[in-house]
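Here the structure comes first, spelled out in structure tokens, and everything after it is commentary.
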Amino acid sequence: SKLHAVQVNGVNVTGKNVSICIIDSGINYTRPDLGGCFGAVCKVIAGWDQRNNDPDPIGPDLSHATLVALTAAGNGANGLNLGVAPDANIVAVKMFPDESNEGGTSDLLASMQFCLDNAEKYSIKAISMSFGTPSPNLFSNYCDNFQPSRTLLMNEAVAKGIWPVAGSGNEGNTSAIS
């Protein structure tokens with residue numbers, strides 16, 4: 001709520017007129033605090049199911065992706081979940097097949113590419129990703145050489161004015177970044 005009062009050039013920072021592309025396990029957009037629907041007139045305006053190769057990125061209620069979407073852009077409907085950017089739209093990309101959250105590099109790259117290819121159409125200004133690498137792929141510094149193709153897409157996003165945000169440490173390591 002403190003952020004909602006912040007202004008830039010006299011405008012409150014609430015996410016109005018921008019979208020967040022969330023790459024994860026699919027979003028339950030039927031929740032009232034996520035707009036209750038899917039499509040152009042809804043909060044979740046578009047998406048893609050990378051796993052099933054179809055345009056419906058629905059996921060389970062209270063899945064990790066749904067919680068990420070609520071934290072980022074929940075609209076507070078019915079007194080529920082007011083997110084950091086409650087006026088932002090969401091573009092959902094279902095990369096993981098279920099809550100096991102296991103997906104390959106090719107799925108991640110295709111999901112990121114979907115966000116980049118649709119950035120102008122949906123006014124995407126951030127890409128949210130939650131993933132980790134299994135041991136022994138733990139890093140104490142930059143990991144650009146680990147997957148150069150991912151690094152290229154991240155750099156492309158930044159060049160387009162899109163901020164890639166990646167949750168890290170998902171494997172629970174306390175001495176390195178996964």
Side-chain angles (χ1 to χ4, degrees), residues 3-4 6-9 11-31 33-59 63-77 81-96 101 103-132 144 147-168 170:
L3 182 62
H4 301 155
V6 172
Q7 291 191 346
V8 175
N9 297 326
V11 177
N12 287 52
V13 180
T14 62
K16 188 173 177 104
N17 298 321
V18 301
S19 294
I20 303 164
C21 193
I22 298 177
I23 300 172
D24 209 303
S25 57
I27 295 171
N28 181 3
Y29 49 75
T30 65
R31 294 179 56 95
D33 42 2
L34 288 174
C37 59
F38 176 73
V41 298
C42 303
K43 176 171 275 299
V44 181
I45 58 173
W48 185 252
D49 183 338
Q50 179 62 33
R51 299 303 293 203
N52 295 308
N53 198 32
D54 69 52
D56 187 359
I58 188 107
S63 67
H64 184 265
T66 300
L67 294 174
V68 167
L70 289 167
T71 301
N75 66 15
N81 305 301
L82 183 63
V84 174
D87 294 332
N89 291 317
I90 296 170
V91 175
V93 181
K94 184 176 182 177
M95 177 186 145
F96 302 116
N101 290 341
T105 301
S106 62
D107 292 319
L108 173 61
L109 296 176
S111 298
M112 289 177 68
Q113 193 64 58
F114 178 87
C115 296
L116 293 172
D117 289 348
N118 289 283
E120 188 174 328
K121 181 177 183 178
Y122 299 120
S123 191
I124 296 171
K125 298 299 179 190
I127 300 173
S128 171
M129 303 164 275
S130 297
F131 51 78
D144 288 356
Q147 291 179 337
S149 52
R150 179 175 58 191
T151 300
L152 285 172
L153 289 176
M154 296 249 188
N155 289 338
E156 181 182 338
V158 172
K160 288 183 171 188
I162 301 169
W163 297 106
V165 179
S168 185
N170 292 343

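Everything numeric in this text was worked out from a predicted model, so none of it was measured. Along the sequence shown, residues are numbered consecutively beginning with 1.
The nearest pair of heavy atoms linking N118 to I124 is O-CD1, 3.8 Å. In this structure, V68 and S128 approach most closely via the heavy-atom pair CG1-OG, 3.6 Å. Contact between S111 and M95 at its shortest, heavy atoms only, is OG-CB, 3.7 Å. Closest heavy-atom contact between A92 and P57: O-CB, 3.5 Å. I20 and A72 get closest at one heavy-atom pair: CD1-CB, 3.9 Å. The two residues F38 and A46 have their closest heavy-atom pair at CE1-C, 3.5 Å.
For the atom pair OG of S123 and CG of N89, the computed distance is 8.5 Å after rounding to the nearest 0.5 Å. Distance check, rounded to the nearest 0.5 Å: SG of C21 to OH of Y122 gives 10.0 Å. Note: I27 CD1 to I90 CD1 = 5.0 Å, rounded to the nearest 0.5 Å. The distance from atom CE of M112 to atom CE of M129, rounded to the nearest 0.5 Å, is 4.5 Å.
Atom NZ of K121 is surrounded by 12 or fewer heavy atoms from other residues, nucleotides or ligands within 6.0 Å.
For the side-chain contact (heavy atoms from CB on, under 4.5 Å) with I127, the lone residue among I162, V165, V91, L153 that qualifies is I162.
Counting heavy atoms from C-beta on, the side chains of L70 and R31 come closer than 4.5 Å. Using a 4.5 Å heavy-atom cutoff, the side chains of P164 and V158 are in contact. You'll find the side chain of V93 reaches within 4.5 Å of the side chain of C115, heavy atoms only. Side-chain contact between Y29 and I45 is absent, with no heavy-atom pair separated by less than 4.5 Å.
With sequence neighbours excluded, the residues satisfying side-chain contact (heavy atoms from CB on, under 4.5 Å) with S149 are L109. Checked against salt bridge (charged side-chain N to carboxylate O under 4.0 Å, His left out), D49 has no partners two or more places apart in sequence or in another chain. By the side-chain contact (heavy atoms from CB on, under 4.5 Å) test, N12 pairs with Q7, T14, sequence neighbours left out.
Under a 3.5 Å cut-off, the side chain of D56 and the backbone N or O of I58 do form a donor-acceptor pair. Counting only distance, with no hydrogens or angles, the side chain of K94 and the backbone of G59 share no donor-acceptor pair below 3.5 Å. The backbone N or O of A73 lies less than 3.5 Å from a partner atom in the side chain of K43, making a donor-acceptor pair.
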